Amino acid sequence: MANEENNVHELEAAYSEQETLRREKLADLQARGKDPFDVYKVNRTHSSADIINNFDELEGQTVTVAGRIMSKRGQGKVIFSDIHDRDGKLQLFIKIDVVGEETLKEYKTYDLGDWVAATGEVFRTQKGEISVKPSEITLICKSLKPLPEKWHGLKDPDLRYRQREVDIITNPEVKTTFLKRAQIIKGIRNFLDNRGFIEVETPILGAIAGGAAARPFMTHHNTLDIDMYLRIATELHLKRCIVAGFEKVYEIGRNFRNEGMSVRHNPEFTAIELYEAYADYNDMMEITENMIAEVCTLVNGTTKVSYEGTEIDFKPPWRRITMVDAVKEYAGVDFNEISSNEEAQEIAKKHNLEFPKDLQYVTKGEVLNALFEEYGESKLIQPTFIIDYPFENSPLTKKKRGNEEFTERFEGFVFGRELCNAYSELNDPIVQRERFEQQAKQRDLGDDEAYMIDEEFMSALETGMPPTGGLGIGIDRLIMFLTDSSSIKDVILFPTMKPQNN
């Protein structure tokens with residue numbers, strides 16, 4: 001431990017010395033009228049990928065490229081230097097009889113991390129590497145901080161998340177994850193747009209935190225002098241769009257939940273919710289499995305992924321199993337044979353299940369759900385829809401056709417983790433008010449995640465919402481699976497972090 005601390009202190013001292021030297025170099029450049037921060041624009045003609053992919057057409061042509069210096073090799077009259085841009089890396093072959101002695105000498109003083117623009121001929125070196133032989137080089141930005149050593153710092157997850165830009169600069173695979181993230185979100189949009197959905201935007205601030213069972217963040221609006229909540233879900237406003245007659249809507253955006261942090265939870269996260277008039281939860285299953293399979297194929301070339309060493313196949317159709325059958329299979333308890341809350345409470349005692357309220361108030365459906373969470377979730381490795389949830393846990397959902405103890409709701413699970421949630425949406429305003437009032441009682445009993453009554457939503461529902469299917473998917477969790485990322489922080493550019501001590 002002492003040796004590690006000494007190494008860290010030595011490295012910090014070296015970095016401090018390097019920062020001083022870099023600032024001295026900048027001052028010298030400015031004194032000589034070569035301030036890199038006076039550069040306003042670069043007329044770049046090609047990226048690294050443009051040149052590498054179109055070498056046959058560009059060989060012998062003059063191009064202008066730009067990027068960050070990531071390596072310098074060679075001495076004397078020739079320097080080989082790799083610059084990195086958005087698409088990858090490109091070698092500069094800097095030769096004294098092409099750029100001149102002064103430019104070559106100055107380039108040798110540039111630091112790793114500096115940005116340059118270079119104009120010159122596209123060619124291939126004797127070793128076969130596609131390169132640019134510059135006749136002009138301009139320093140366009142001076143890096144005042146040295147890039148971390150690869151063996152230090154960036155292997156520390158905390159530092160990687162706090163300094164994500166440096167993490168991406170020095171670890172190309174991290175950049176690939178976020179390029180895939182952009183592809184995935186674009187693929188989702190294309191899938192839904194091609195099915196006639198329209199993308200809408202709903203409020204992030206509201207007087208009520210509705211649409212999910214979660215603890216909200218609170219803020220204060222000074223002009224109105226009222227407390228407001230950051231949204232925990234987009235559900236209620238999107239349903240109002242269905243009432244308005246849009247029929248097919250979706251929103252991809254941030255939600256905020258004032259809850260725990262873990263490898264699967266970040267206080268702000270990206271989700272998609274979509275709603276389709278005249279559809280039910282069976283239609284939502286079809287959309288879910290086909291959309292995810294299509295997006296997985298888009299970014300990985302196949303419906304199969306390797307996640308933490310386990311092969312997962314998103315190819316439709318996914319397995320479908322009721323919660324009752326899942327609990328029977330994984331917990332050995334058959335709820336078809338349980339007829340009362342009291343019987344269920346005895347089972348809860350036997351299995352040491354915990355609830356946010358006194359056990360005497362816990363219902364049969366709540367015990368069923370708790371048993372599934374305790375014994376069933378972790379067993380669901382391949383994509384699986386758990387269908388038909390107890391009505392107590394689903395206040396915004398229609399009851400199951402033919403069995404009113406349950407609702408037409410499903411959640412999709414992959415690798416033991418919840419990925420999505422969907423309903424045949426409740427559109428009876430009288431029943432919905434009764435459900436909200438039941439939730440209000442749960443809040444009085446100490447469940448601070450129970451739903452609040454949203455009167456504006458109730459007014460919309462009373463205006464009339466047709467039969468509707470609704471679906472919500474955690475985008476960050478989906479991206480984790482499709483990029484083999486073990487932590488949600490690996491797929492969020494700037495995850496929430498505890499402030500560092502000063």
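The model shown is predicted, which means the values in this text are computed figures rather than measured ones.
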Does P203 reach the side chain of R231, with side-chain heavy atoms less than 4.5 Å apart? no

Would you kindly say whether N290 and E294 are connected by a side-chain donor-acceptor distance under 3.5 Å? no

Which heavy-atom pair separates V132 from V122 by the least distance, and what is that distance? CG2-CG2, 4.4 Å

Before you tell me yes or no, could you show the steps for T270 and R181 under side chain to side chain donor-acceptor pair (under 3.5 Å), namely the whole-Å CA-CA distance, both residues' side-chain angles and the distance that decides it to 0.1 Å? CA-CA 11 Å; T270 302; R181 181 186 177 101; 3.3 Å; yes

Run the numbers on K186 and L298 for side chain to side chain contact (heavy atoms under 4.5 Å, CB included), then give the verdict. CA-CA 10 Å; K186 183 178 181 180; L298 172 70; over 6 Å; no

When you check the side-chain N and O atoms of R264 and S487, is any donor under 3.5 Å from an acceptor? no

Check whether more than 12 heavy atoms from other residues, nucleotides or ligands sit under 6.0 Å from atom NZ of K315, and answer yes or no. no

Is there side-chain contact between I188 and I252, with at least one heavy-atom pair below 4.5 Å? yes

Is the centre of the F256 ring less than 6.0 Å from the centre of the F217 ring? no

Which pairs count as side chain to side chain donor-acceptor pair (under 3.5 Å) when at least one residue sits in residues 81-95, sequence neighbours excluded? S47-D87, S48-D85, S71-D82, R73-D82, R73-Q91, S81-Y107, Q91-S131

Per salt bridge (Lys or Arg N to Asp or Glu O under 4.0 Å), K239 is matched among E251, E425, E276 by E425

What verdict does the side chain to side chain donor-acceptor pair (under 3.5 Å) test give for H265 and S262, after you've listed the backbone C-alpha separation in whole Å, the side-chain angles of each residue and the deciding distance to 0.1 Å? CA-CA 5 Å; H265 297 91; S262 71; 2.9 Å; yes

Is atom NZ of K379 surrounded by more than 12 heavy atoms (other residues, nucleotides or ligands) closer than 6.0 Å? yes

So does F246 have more than 12 non-hydrogen atoms from other groups sitting under 6.0 Å from CZ? no

A quick test of your reading: do over 12 heavy atoms of other residues, nucleotides or ligands sit less than 6.0 Å from CD of E57? no

Step by step, work out the side chain to side chain donor-acceptor pair (under 3.5 Å) result for D225 and H220. CA-CA 7 Å; D225 193 24; H220 187 79; 3.0 Å; yes

Derivation of the side chain to side chain donor-acceptor pair (under 3.5 Å) call for T119 and T64: CA-CA 4 Å; T119 299; T64 297; 2.8 Å; yes

Salt-bridge contact R189-E199 (side-chain N to carboxylate O under 4.0 Å): yes

Would you find a donor on one side and an acceptor on the other, under 3.5 Å apart, between the side chain of R44 and the backbone of A117? no

Answer yes or no: is there a side-chain heavy-atom contact under 4.5 Å between F80 and V78? yes

Distance only, no hydrogens: is a donor on one side chain within 3.5 Å (strictly under) of an acceptor on the other, for D227 and H221? no

How about E456: does its CD atom have over 12 heavy atoms from other parts shown lying under 6.0 Å from it? no

Within the 4.5 Å heavy-atom criterion, are I69 and D111 side-chain neighbours or not? no

For C296 and V305, the nearest pair of non-hydrogen atoms, with its separation, is SG-CG1, 3.5 Å

Is it the case that K133 places NZ or CZ above or below the six-membered ring of F93, under 6.0 angstrom from the centre and within 45 degrees of the axis? no

Counting heavy atoms not belonging to K108, are there more than 12 under 6.0 Å from its NZ? yes

Any side-chain heavy-atom pair of M218 and M228 under 4.5 Å: no

For residues 411-418, please give each side-chain donor-acceptor pair under 3.5 Å, one per line with the distance, not counting sequence neighbours.
{"residue": "E411", "atom": "OE1", "partner": "Y389", "partner atom": "OH", "Å": "2.4"}
{"residue": "E411", "atom": "OE2", "partner": "R409", "partner atom": "NH2", "Å": "3.2"}
{"residue": "R417", "atom": "NH1", "partner": "Y307", "partner atom": "OH", "Å": "2.8"}

Note: E102-R32 ion pair, threshold 4.0 Å (strictly below): no

State whether a side-chain donor-acceptor pair under 3.5 Å links N171 with D167. yes

Less than 4.5 Å apart, side chain to side chain, heavy atoms only: is that true for K248 and L192? no

With the threshold set at 4.0 Å, does a side-chain nitrogen-carboxylate oxygen contact exist between D114 and R68? no

Do L493 and I168 come close enough that some side-chain heavy atom pair is under 4.5 Å? yes

Is R240 paired with E235 through a side-chain N to carboxylate O contact shorter than 4.0 Å? no

Between I130 and R124, what is the shortest heavy-atom contact and its length? CG1-NH1, 3.9 Å

More than 12 heavy atoms of other residues, nucleotides or ligands under 6.0 Å from CD of E101: yes or no? no

